[in-house]
Colleague: 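Mind having a look at this structure? Questions to follow.
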Amino acid sequence: MSELTLISIKMLTAMLFILTASLVFSCSQTDLNKQGAQGSYRQQATFEYLMGDTSRTFSTEAFAQRNSLPPRNRFSGSLRISGSPEFSLNYGKTDDLPINYAMWPLFNYEFIQDGNRLIPIDRGHGFIGRGAWSVSAGVGAVWDEAGDNGYSRAAFPYTMKQNNANCEHNGLATFLFKNDGSISKVHVQNVAETCIFYGFEFYGNLSATYTPHVITHAATVINDRNTEESHWLPTKPLADLAIDFPGVDLRNYGYAVDAVDAVDADDMNGYGILVNGTSYTKGCTTRYGTHPYCMDKTIGVYSFTKSMYAFMVVAALEHRYPGFKHELIKDLVPECANDSRWDGVTVEHALDMATGNYASANYGVDEDSAAIVTGFFNPTTRRARAEFSCTGWPKQVAPGTYHVYHTTDTELVGYAAATFANKKLGSNAKAFDDVIVPIFDAIGLSHYARGIQRTSDTQDAWGGYGLSVTLNDVLRFAKYLRDDAINGNLLDPEMVKEVLSGSQHGLYAQLTHFHYDNGFWRFHAGAVSAMRACGHLTQIPVMSGYGGHTTIILPDVIIAQLTDGGGVGFLNTLNDVFNNISDACPPN
């Protein structure tokens with residue numbers, strides 16, 4: 001099925017579900033008798049519904065906090081959810097779904113309540129369990145309503161992660177509870193996805209068990225969340241960009257309905273233009289309405305991982321241990337050790353995807369081949385994935401002389417970092433956990449960013465894809481790299497300088513107007529955009545992830561587009577930014 005057909009199906013499906021949700025909202029007369037604590041009438045997910053056995057879908061208003069009064073009950077303990085939700089496919093093919101795709105996954109999370117906030121103890125897992133999906137819980141809310149008969153009402157966002165993939169689905173859950181452990185059913189409902197392959201409805205009332213107990217480190221959890229929220233960038237609606245910068249034409253920005261590079265609202269998972277420390281945002285739309293916990297909505301960003309993890313771990317280890325980037329892959333990855341095709345190939349060569357090993361010299365042929373799917377993307381173990389990464393491509397040219405896009409190369413960077421971390425930090429050290437997570441914390445990323453996908457046997461973080469982050473995480477990461485990394489004490493300043501430089505770096509990427517270097521694409525902005533004023537050879541760093549995720553780092557502006565719509569157009573946005581917001585040129 002073509003990408004265009006998939007997108008069209010998504011648009012039609014979204015319209016049908018919004019219409020259905022609207023009909024349920026307006027026609028459910030049995031729900032009109034429940035009054036909220038502040039005098040508003042609850043029409044969806046009522047007390048009777050949550051105590052019953054029927055299943056339906058609701059608008060996102062059903063999950064939104066209705067008031068900020070102190071709740072009479074306090075949640076502290078474990079929430080277990082089990083049962084069989086309703087399932088229906090929105091787009092894609094069931095043949096593409098994982099085995100047991102209609103089964104609700106293991107869900108047994110600890111939560112602590114702080115005022116009106118409901119905070120999961122762990123928000124950074126990659127994958128838990130053995131089924132098709134794993135669920136990551138997000139920060140939600142607790143409040144009281146008059147019609148809930150002494151119970152308090154809670155809601156939280158969740159993300160369903162696919163086993164051995166970076167495809168994710170956003171959902172919302174709501175339930176009623178009391179201090180003594182009494183609990184209603186938990187209504188769960190998928191509302192959006194960050195997956196170009198397929199989307200589906202997962203909804204209904206599931207059985208729940210609430211086991212109250214004291215969370216001994218509750219104060220730490222609450223303090224960590226407070227710190228995280230303090231790093232949220234100030235936001236304004238995207239429409240205000242044209243007010244604050246009168247020359248701006250919003251038709252040149254990806255989310256606008258009539259934009260030249262338009263992305264459908266149903267396909268936009270997050271959109272931000274960061275200027276002067278303020279994020280002009282859009283993208284909290286779901287097929288059931290506005291997401292009520294948008295700052296906690298996570299997105300599987302695929303190959304952003306090559307920049308946000310692979311580059312970062314090399315730059316961090318190079319800073320701590322100068323010379324790491326020149327270490328040989330064969331000396332750090334045992335699966336490559338006895339293979340002559342890895343003679344002379346360094347960590348930096350692999351980060352640049354310039355190992356000299358490839359089957360086809362053309363862009364995308366190896367990456368889209370049946371061989372890499374069978375040998376690399378399908379296996380779950382470190383051993384199988386590493387063996388293919390080491391042996392899957394024949395030797396063609398000397399390392400460092402030709403770029404071919406291979407996720408397998410960046411995967412080897414992750415394995416090399418894992419081995420090096422064991423040597424330097426101890427046998428139990430993990431490159432991602434012990435090198436990268438402290439940096440993420442230092443620059444203000446959410447705990448969700450800790451949830452990278454990993455190999456099933458050794459729990460090594462994937463090097464080429466697998467991260468799950470928020471829009472704020474992406475913008476804050478790019479801002480840190482641009483504004484603070486060179487003068488900080490966390491990353492190698494020369495590597496950072498090379499990423500941010502407007503000069504030509506890296507190798508031609510077999511795509512018109514693109515080079516590739518250090519885990520970043522380098523767009524030839526001086527050749528084809530208004531930035532020609534900076535010089536014909538000017539390049540700018542771009543992060544790109546499968547499905548259309550794109551982030552562009554400019555001297556005064558950061559453009560972030562997170563989408564599963566497939567489109568990656570940004571030239572008109574770039575021109576408008578340079579002409580009407582900032583014409584600053586990148587440093588040499």
Colleague: Measure the CD1-CD1 distance between I553 and I559 for me, rounded to the nearest 0.5 Å.
Modeller: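 Answer for the CD1-CD1 pair, I553 versus I559, is 11.0 Å.
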Colleague: Name the one of N472, D296, T298 that satisfies side chain to side chain donor-acceptor pair (under 3.5 Å) with Y448?
Modeller: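 Among the candidates, only D296 passes.
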Colleague: Are the aromatic rings of F63 and F156 close, with centres under 6.0 Å apart?
Modeller: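 Aromatic pair excluded; centres sit 6.0 Å or further apart.
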Colleague: Could you grab the distance from atom CG of N164 to atom OG of S456, nearest 0.5 Å is fine?
Modeller: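 Interatomic distance, N164 CG to S456 OG, rounded to 0.5 Å: 7.5 Å.
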Colleague: Can you tell me if E168 uses its side chain to pair, donor with acceptor, with the backbone of G300 under 3.5 Å?
Modeller: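 Yes: the side chain of E168 pairs with the backbone of G300.
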Colleague: Less than 3.5 Å apart, any donor N or O on the side chain of Q189 or H187 sitting next to an acceptor on the other?
Modeller: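 Judged by distance alone, the side chains do pair up.
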Colleague: As a quick check of understanding, evaluate side-chain hydrogen bond (donor to acceptor under 3.5 Å, both in side chains) for D576 and Y253, giving each step before the final call.
Modeller: CA-CA 8 Å; D576 197 288; Y253 292 78; 3.0 Å; yes
Colleague: Is the shortest heavy-atom distance from the side chain of T355 to the side chain of M353 under 4.5 Å?
Modeller: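 No, too far: nothing below the 4.5 Å cut-off.
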Colleague: Is the distance from the ring center of W393 to that of Y358 below 6.0 Å?
Modeller: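 Judged by ring-centre distance (under 6.0 Å), W393 and Y358 do not meet the cut-off.
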Colleague: If you compare all heavy atoms of C167 against all heavy atoms of F197, which two are closest, and at what distance to 0.1 Å?
Modeller: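 Here C167 and F197 meet closest at SG-CD1, 3.9 Å.
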Colleague: How close do F202 and Y101 get, counting heavy atoms only, and between which atoms?
Modeller: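 That would be CZ-O, 3.8 Å.
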Colleague: Quick one, W133 with F200, criterion ring pair (Phe, Tyr, Trp, His ring centres under 6.0 Å). Give me CA distance, side-chain angles, the key distance, then yes/no.
Modeller: CA-CA 13 Å; W133 317 106; F200 57 87; 5.2 Å; yes
Colleague: Should the pair H403 and W521 be assigned to parallel (<30°), tilted (30 to 60°) or perpendicular (>60°) ring geometry?
Modeller: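 Perpendicular.
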Colleague: Does any part of the side chain of S468, heavy atoms only, come nearer than 4.5 Å to the side chain of I299, both counted from C-beta?
Modeller: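 Heavy-atom side-chain distance check fails, nothing below 4.5 Å.
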Colleague: When you compare the side chain of L172 with that of T60, does any pair of heavy atoms fall below 4.5 Å?
Modeller: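 Answer yes - side chains close enough.
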Colleague: Is the H549 ring parallel, tilted or perpendicular to the F304 ring (thresholds 30°, 60°)?
Modeller: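 Ring orientation, 0 to 90° scale: perpendicular.
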Colleague: Check whether N100 reaches the backbone of A132 with its side chain - one donor and one acceptor, N or O, closer than 3.5 Å.
Modeller: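 Between the backbone of A132 and the side chain of N100 there is no qualifying donor-acceptor contact (under 3.5 Å).
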Colleague: Going by distance alone, is a donor N or O of one side chain under 3.5 Å from an acceptor N or O of the other, for Y405 and S303?
Modeller: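 Indeed, the side chains of Y405 and S303 share at least one donor-acceptor pair under 3.5 Å.
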Colleague: Would you call R385 and D460 a salt bridge, taking side-chain N to carboxylate O under 4.0 Å as the test?
Modeller: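 No salt bridge links R385 with D460.
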Colleague: Do T281 and K236 come within less than 4.5 Å of each other through their side chains, counting heavy atoms only?
Modeller: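 Result no, sub-4.5 Å side-chain heavy-atom pair not found.
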Colleague: Just checking, any donor-acceptor pair under 3.5 angstrom between side chains of Y109 and D122?
Modeller: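 No donor-acceptor contact under 3.5 Å links the two side chains.
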Colleague: Under 4.0 Å between a side-chain nitrogen and a carboxylate oxygen: does that hold for R123 and E228?
Modeller: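 Answer for the salt bridge query: yes.
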Colleague: I'd like to know if the side chain of T305 reaches the main chain of L467, judged simply by a donor and an acceptor atom lying under 3.5 Å from each other, with no hydrogens or angles considered.
Modeller: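 Side chain of T305 to backbone of L467: a pair is present.
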Colleague: Hey, does the side chain of R153 reach the backbone of Q65 with a donor-acceptor pair shorter than 3.5 angstrom?
Modeller: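 Not confirmed, R153 side chain does not pair with Q65 backbone.
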Colleague: Against T551, only a single residue in L475, V542, V474 fulfils side-chain contact (heavy atoms from CB on, under 4.5 Å); can you say which?
Modeller: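 The single option meeting the side-chain contact (heavy atoms from CB on, under 4.5 Å) with T551 is V474.
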Colleague: Between T455 (side chain only) and Q459 (backbone N and O only), is there a donor and an acceptor less than 3.5 Å apart?
Modeller: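 The answer is yes, because a donor-acceptor pair under 3.5 Å joins these two groups.
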Colleague: Verify the ring-centre separation between F520 and F311: is it less than 6.0 angstrom?
Modeller: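 Yes, the ring centres sit under 6.0 Å apart.
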Colleague: In the structure I gave you, are the side-chain heavy atoms of M308 and I452 within less than 4.5 Å of one another anywhere?
Modeller: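 Heavy-atom side-chain distance check fails, nothing below 4.5 Å.
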Colleague: Report the residues that fulfil side chain to side chain contact (heavy atoms under 4.5 Å, CB included) with N378, sequence neighbours left out, ordered by chain and then residue number.
Modeller: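 Listed in chain order: V373.
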Colleague: Nearest 0.5 Å, please: how far is CG in L79 from OG1 in T209?
Modeller: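 So the OG1 of T209 and the CG of L79 are separated by 8.5 Å.
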Colleague: Does any part of the side chain of L574, heavy atoms only, come nearer than 4.5 Å to the side chain of L554, both counted from C-beta?
Modeller: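 Yes, close enough: below the 4.5 Å cut-off.
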Colleague: Are the ring centres of Y158 and Y293 closer than 6.0 Å?
Modeller: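 Between Y158 and Y293, the centre distance exceeds or equals 6.0 Å.
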Colleague: Applying salt bridge (Lys or Arg N to Asp or Glu O under 4.0 Å), run through R450 and D441 and close with a yes or a no.
Modeller: CA-CA 10 Å; R450 302 176 180 183; D441 289 346; 3.0 Å; yes
Colleague: Check whether any side-chain heavy atom of L206 lies under 4.5 Å from a side-chain heavy atom of P85, and answer yes or no.
Modeller: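 Yes, at least one pair of side-chain atoms sits under 4.5 Å.
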Colleague: Please check if the distance between the ring centroids of Y309 and F432 is under 6.0 Å.
Modeller: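 Yes, close enough.
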Colleague: Using the rule given for side-chain hydrogen bond (donor to acceptor under 3.5 Å, both in side chains), can you reason through T470 versus D473, listing the C-alpha separation, both sets of side-chain angles and the distance that settles it, and then say yes or no?
Modeller: CA-CA 5 Å; T470 67; D473 289 334; 3.2 Å; yes
Colleague: Under a 3.5 Å distance rule, please check whether N166 uses its side chain to pair with a backbone N or O of G466 as donor and acceptor.
Modeller: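 Yes, N166 side chain to G466 backbone: donor-acceptor pair under 3.5 Å.
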Colleague: Check the side chains of T408 and S389 for a donor-acceptor pair under 3.5 angstrom, ignoring hydrogens and angles.
Modeller: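 Side chains of S389 and T408: no pair found under 3.5 Å.
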Colleague: Once rounded to the nearest 0.5 Å, what's the spacing between atom CE of M160 and atom OG of S134?
Modeller: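 Rounded to the nearest 0.5 Å, the CE-OG separation comes out at 9.0 Å.
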Colleague: If you apply the rule side chain to side chain contact (heavy atoms under 4.5 Å, CB included), what do you find for T94 with D96, and how did you get there?
Modeller: CA-CA 5 Å; T94 54; D96 293 331; over 6 Å; no
Colleague: Verify, without hydrogens or angle tests, whether D564 (side chain) and C195 (backbone) share a donor-acceptor contact under 3.5 angstrom.
Modeller: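 Here the side-chain-to-backbone pair exists.
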Colleague: Only one of D53, T174, N205 passes side chain to side chain donor-acceptor pair (under 3.5 Å) with K185; say which it is.
Modeller: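 The passing option is D53.
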Colleague: Is a donor from one side chain sitting under 3.5 angstrom from an acceptor on the other, for H406 and D366?
Modeller: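 A pair is found: one side chain offers a donor N or O, the other an acceptor, under 3.5 Å apart.
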Colleague: Is NZ or CZ of R382 both nearer than 6.0 Å to the six-membered ring centre of W462 and within 45° of the ring axis?
Modeller: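 No cation-pi geometry.
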Colleague: Determine, stepwise, if the pair R287 / E193 fulfils salt bridge (Lys or Arg N to Asp or Glu O under 4.0 Å).
Modeller: CA-CA 10 Å; R287 56 181 165 269; E193 54 277 319; 3.1 Å; yes
Colleague: At what distance, to the nearest 0.5 angstrom, does CG of N190 lie from OG1 of T57?
Modeller: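 Between atom CG of N190 and atom OG1 of T57 there are 11.5 Å.
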Colleague: Can you list the residues that meet the side chain to side chain contact (heavy atoms under 4.5 Å, CB included) rule with D434, with sequence neighbours excluded?
Modeller: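 L425, A429, K430.
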Colleague: Looking at side-chain heavy atoms only, is the closest gap between F377 and Y465 below 4.5 Å?
Modeller: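 Yes, close enough: below the 4.5 Å cut-off.
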Colleague: Determine the minimum heavy-atom distance between S55 and E86, stating which atoms define it.
Modeller: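 Nearest pair, atom of S55 first, then E86: CB-CG, 4.0 Å.
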Colleague: Please check if any side-chain donor atom of T407 sits under 3.5 Å from a side-chain acceptor atom of K306, or the reverse.
Modeller: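 Present: a donor and an acceptor within the cut-off.
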Colleague: Can you name the closest pair of heavy atoms from A137 and P120 and give their distance?
Modeller: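 Nearest heavy atoms, A137 then P120: O-CG, 3.6 Å.
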Colleague: Check whether the side chains of N90 and E201 place a donor and an acceptor atom closer than 3.5 Å, and report yes or no.
Modeller: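 Present: a donor and an acceptor within the cut-off.
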Colleague: Could you check whether Y271 and Y280 have their ring centres less than 6.0 Å apart?
Modeller: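 Between Y280 and Y271, the centre distance exceeds or equals 6.0 Å.
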Colleague: When rounded to the nearest 0.5 angstrom, what distance separates OH in Y198 from CD in Q162?
Modeller: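 The CD atom of Q162 is 3.0 Å from OH of Y198, to the nearest 0.5 Å.
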Colleague: Minimum heavy-atom separation for E411 and G463, please, with both atom names.
Modeller: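 Minimum heavy-atom separation between E411 and G463: OE1-N, 3.0 Å.
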Colleague: Where do V313 and A431 come nearest, in terms of heavy atoms and distance?
Modeller: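 Closest approach of V313 to A431, heavy atoms only: CG2-CB, 4.2 Å.
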